[in-house]
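Heads up, the thing below is written out as structure tokens.
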Amino acid sequence: MKIDPSLKNLDALFPGNFTEDQKARAKTLFLKNLSAEAHRFYGGKMQTLPKCGIYGLAWFNVWYTPGVSQISTTIRDDNDASFALSNRGNLVAVVSDSTRVLGDGDCTPPGGLGVMEGKAMIMKYLGGVDAVALCVDSKGPDGKSNPDKIIDFVKMVQPSFGAINLEDISQPNCFKVLDELREACDIPVWHDDAQGTACVTLAGLINALKLAGKKLGDARIVLLGAGASNTTIARLILADGGDPAKMVVFDSKGSLHAGRDDIKGDKRNYRKWELCERTNPGRAPSIAEALKGADVLIALSTPGPDTVKREWIRSMAEKSIVFVCANPVPEIWPYAAKEAGAFIVATGRGDFPNQVNNSVCFPGILKGALLVRARKITDGMAIRCAHSIAEFSEKRGIQPDNIIATMEEAEVFVQEAADVAIQAIKEGVARVTLSWEEVYHRAKADIAAARAVVEDMKKLGHIKDPPPQLLETALQKAIDAVK
């Protein structure tokens, strides 16, 4: 069968005698194989292009010296003018030390470039935001990653950017880096693994609970994994009305509770200790026990597919909600979770129903923050973004296999941007005041323009189509490996 370049017919490409498990494994291998070949074919994903006209080489006297001197002195006298007179107002730095890249762990500083370029591409195509990947070496003389080096680096580069997107920084360093930079910097510092994942997870949970006929404050919620993502997810859920007495969080050593002296004694783990103090008063002895009668499981832990057991899901409450969002392989395959009785299953992947992935969040929230030149992204802005996604999705219709908007729905990013911008203005962290309609129309125009540029470059041949053989080879390799 011919492979559609859009990959929409992917599920139909595998042999008919493959089991569901074989199909899921083959799909993962195909996407990895294709990723390697496509990146090599294009030489990466991003490039730099002018946004202004060059009407003759004499215009370099305008865009560069001597004319540009006027720009330098204007910004010297008013630093905030840099947002309007340069690309700073629409430019994000995607900063990582690559110490926790997806499910692959420490990949060395340049090993994170594929992910960081991916973030930059998504920001541009979905949010109309320019971004640049900056992978840095955070190791000190002892060979260990030093969060202070990342903090100092971001402080030094912040005059060039309108916002900073932190990515793939291992815990506990990620907590210190985010919390210190949020206060020290005069532009938004956003940790997408933590805040972005928390935002979209809360959005998905809001709608999943509606479909299940349950309320957030009544739900028994178990979180498997206590890294940057799940600790922030827990914090936002509690801030939005979740009951801490009905929440249990697990790390690799067991459940978090007030008796965990190993966490209390390490000041770097202050975010985990906050959850120890607030949640799990019954001190659940195991994940299996905690899930008995639970309404929700949110797993961001060890990639599966056997991290979460079928019997755990069978023991959950009626109309249970299971979010298994480890990358690149969820903690349990969605079909297996459904067979075990889950009412709603979500993953972080776009090739399964219900993708709960921060890509539905960060392009919109960053666009909204940039348009009002926000000084930070607050938890209130993140919670507003979650409700914006949930409201948009509910209005267009939600079902158990379609709980939130996907990346294909461009309008969701526009609405997020407008809602977040207004929240920033309400909280007093915006430099400029715009109406909801002004943000909406500017975001909509910028996103449409970004997509149009990509399509125009494809039509003109500046972006070439991948050869069919490239896709076919990646598919055959996957099938052969799984047979």
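Computed from heavy atoms alone, side chains included, the values below leave out hydrogens, waters and symmetry copies.
Side-chain contact between P466 and L471: present, with at least one pair of heavy atoms (C-beta onward) separated by less than 4.5 Å. S138 has its side chain out of reach of N146: every pair of non-hydrogen atoms, C-beta onward, lies at least 4.5 Å apart. Using a 4.5 Å cut-off on side-chain heavy atoms (C-beta onward), I3 and L13 make contact. Contact annotation: the side chain of P328 approaches that of K32 to within less than 4.5 Å [non-hydrogen atoms, C-beta and beyond]. Considering only heavy atoms from C-beta on, V115 comes within 4.5 Å of D168 through its side chain. In this structure the side chain of C361 reaches within 4.5 angstrom of the side chain of I389, judged on heavy atoms. Side-chain contact between L34 and L7: present, with at least one pair of heavy atoms (C-beta onward) separated by less than 4.5 Å. Inter-residue side-chain proximity for V356 and T347 is flagged as unmet; no heavy-atom pair is nearer than 4.5 Å.
The main-chain N or O of L224 is found under 3.5 Å from a side-chain atom of N230 such that the two form a donor-acceptor pair. In terms of modelled atom types and a separation under 3.5 Å, the side chain of T73 and the main chain of S69 share a donor-acceptor contact. Although no hydrogens or angles enter the test, the distance criterion places a donor-acceptor pair under 3.5 Å between the side chain of N354 and the main chain of V345. Side-chain N or O atoms of S98 include none that pairs as donor or acceptor with a backbone N or O of P110 at under 3.5 Å. At distances below 3.5 Å, at least one donor-acceptor pair connects side-chain atoms of N79 with backbone N or O atoms of I75. With K45 contributing its side chain and G114 its backbone, the two residues share a donor-acceptor pair below 3.5 Å. At distances below 3.5 Å, not a single donor-acceptor pair connects side-chain atoms of E438 with backbone N or O atoms of L434. Checking side-chain atoms of E331 against main-chain N and O of S301 turns up a donor-acceptor pair under 3.5 Å. Looking at K376, its side chain never comes within 3.5 Å of a backbone N or O of V429 through a donor-acceptor pair. Listed for the S35 side chain is no donor-acceptor partner under 3.5 Å among the backbone atoms of L31.
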### Task
Apply side chain to side chain contact (heavy atoms under 4.5 Å, CB included) to the pair H191 and C174, showing each step before the final yes or no.
CA-CA 8 Å; H191 187 191; C174 56; 3.4 Å; yes
### Message
Let's go through N358 and D192 carefully: what are the C-alpha distance in whole Å and the side-chain angles of both, what is the deciding distance for side-chain hydrogen bond (donor to acceptor under 3.5 Å, both in side chains) to 0.1 Å, and is it a yes or a no?
### Response
CA-CA 7 Å; N358 46 24; D192 196 40; 3.2 Å; yes
### Task
With salt bridge (Lys or Arg N to Asp or Glu O under 4.0 Å) as the test, would you mind laying out the steps for D80 and R431 before giving the verdict?
CA-CA 9 Å; D80 280 357; R431 285 181 173 85; 3.4 Å; yes
### Task
Evaluate the salt bridge (Lys or Arg N to Asp or Glu O under 4.0 Å) criterion for residues D379 and R182: first the C-alpha distance (whole Å), next the side-chain angles of each, then the deciding distance (0.1 Å), finally the verdict.
CA-CA 11 Å; D379 284 354; R182 284 177 82 180; 3.5 Å; yes
### Full working for side chain to side chain contact (heavy atoms under 4.5 Å, CB included) between K272 and D251
CA-CA 9 Å; K272 288 173 71 171; D251 67 6; 3.0 Å; yes
### Task
Kindly determine whether I169 and L166 satisfy side chain to side chain contact (heavy atoms under 4.5 Å, CB included), including the steps that lead there.
CA-CA 7 Å; I169 300 169; L166 301 173; 4.2 Å; yes
### Query
Is there a side chain to side chain contact (heavy atoms under 4.5 Å, CB included) between F352 and K27 once you walk through the steps?
CA-CA 10 Å; F352 295 122; K27 189 187 298 186; 4.0 Å; yes
### Task
Show the numbers, then the answer: is there a side-chain hydrogen bond (donor to acceptor under 3.5 Å, both in side chains) between H387 and D419?
CA-CA 9 Å; H387 281 267; D419 288 342; over 6 Å; no
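Of all heavy-atom pairs spanning V132 and F161, the tightest one is CG1-CE2, 3.4 Å. The two atoms that bring S229 and D193 nearest to each other are OG-O, 2.7 Å, heavy atoms only. The heavy-atom pair separating I187 from G162 by the smallest distance is CB-O, 3.5 Å. Nearest approach of A424 to A374, heavy atoms of both residues: CB-CB, 4.5 Å. What you find for V92 and L370 is that their closest heavy atoms are CG2-CD1, 4.0 Å. Between V94 and A131 the shortest heavy-atom distance is CG2-CB, 4.1 Å.
To the nearest 0.5 angstrom, F83 atom CZ is 12.5 Å from L371 atom CG. The line from CD1 of I463 to CE of M457 is 4.5 Å long, rounded to the nearest 0.5 Å. Taken to the nearest 0.5 Å, the OG atom of S388 stands 5.5 Å off from the CD atom of E416. Between the CD1 atom of I344 and the CG atom of D401 there is a distance of 8.5 Å, given to the nearest 0.5 Å. Put simply, CG on L223 and CD1 on I237 are 5.5 Å apart, with the number rounded to the nearest 0.5 Å. To the nearest 0.5 Å, atom CG of residue N327 and atom CG of residue D104 are 9.5 Å apart.
For E427 and Q423, the side-chain atoms include at least one donor-acceptor pair closer than 3.5 Å. Judged by distance alone, the side chains of Q476 and D480 do bring a donor and an acceptor atom under 3.5 Å apart. In this model, no donor atom of one side chain and acceptor atom of the other lie less than 3.5 Å apart for Q171 and N173. Using modelled atom types, one finds a donor on one side chain and an acceptor on the other under 3.5 Å when comparing N87 with D130.
Looking at K23 and D11, no side-chain N of the basic residue comes within less than 4.0 Å of a carboxylate O on the acidic one, giving no salt bridge. Ion pairing between a basic and an acidic side chain is recognised when a charged N comes within 4.0 Å of a carboxylate O; K144 and D142 show no such pairing. Classification of K444 and E411 as a salt-bridged pair holds, one side-chain N sitting under 4.0 Å from a carboxylate O. For the pair E409 and R396, the salt-bridge criterion is met [side-chain N within less than 4.0 Å of a carboxylate O]. In summary, E391 and R384 engage in a salt bridge, as defined by a charged side-chain N under 4.0 Å from a carboxylate O.
The environment of L49 atom CG is dense: over 12 non-hydrogen atoms of other residues, nucleotides or ligands sit within 6.0 angstrom. Shown here is Q399, whose CD atom has no more than 12 heavy atoms of other residues, nucleotides or ligands within 6.0 Å. Within 6.0 Å of the CZ atom in R100, the count of heavy atoms belonging to other residues, nucleotides or ligands does not exceed 12. Within 6.0 Å of CD on E455 lie more than 12 heavy atoms contributed by other residues, nucleotides or ligands.
Cation-pi geometry between R271 and F175 is not met: the NZ or CZ atom fails to fall both under 6.0 Å from the ring centre and inside 45° of the normal.
Screening L29, D21, T28 for a side-chain contact (heavy atoms from CB on, under 4.5 Å) involving V482 leaves a single residue, L29.
Taking the six-membered ring for Trp and thresholds of 30 and 60 degrees, Y55 and W59 have ring planes more than 60 degrees apart, a perpendicular arrangement.
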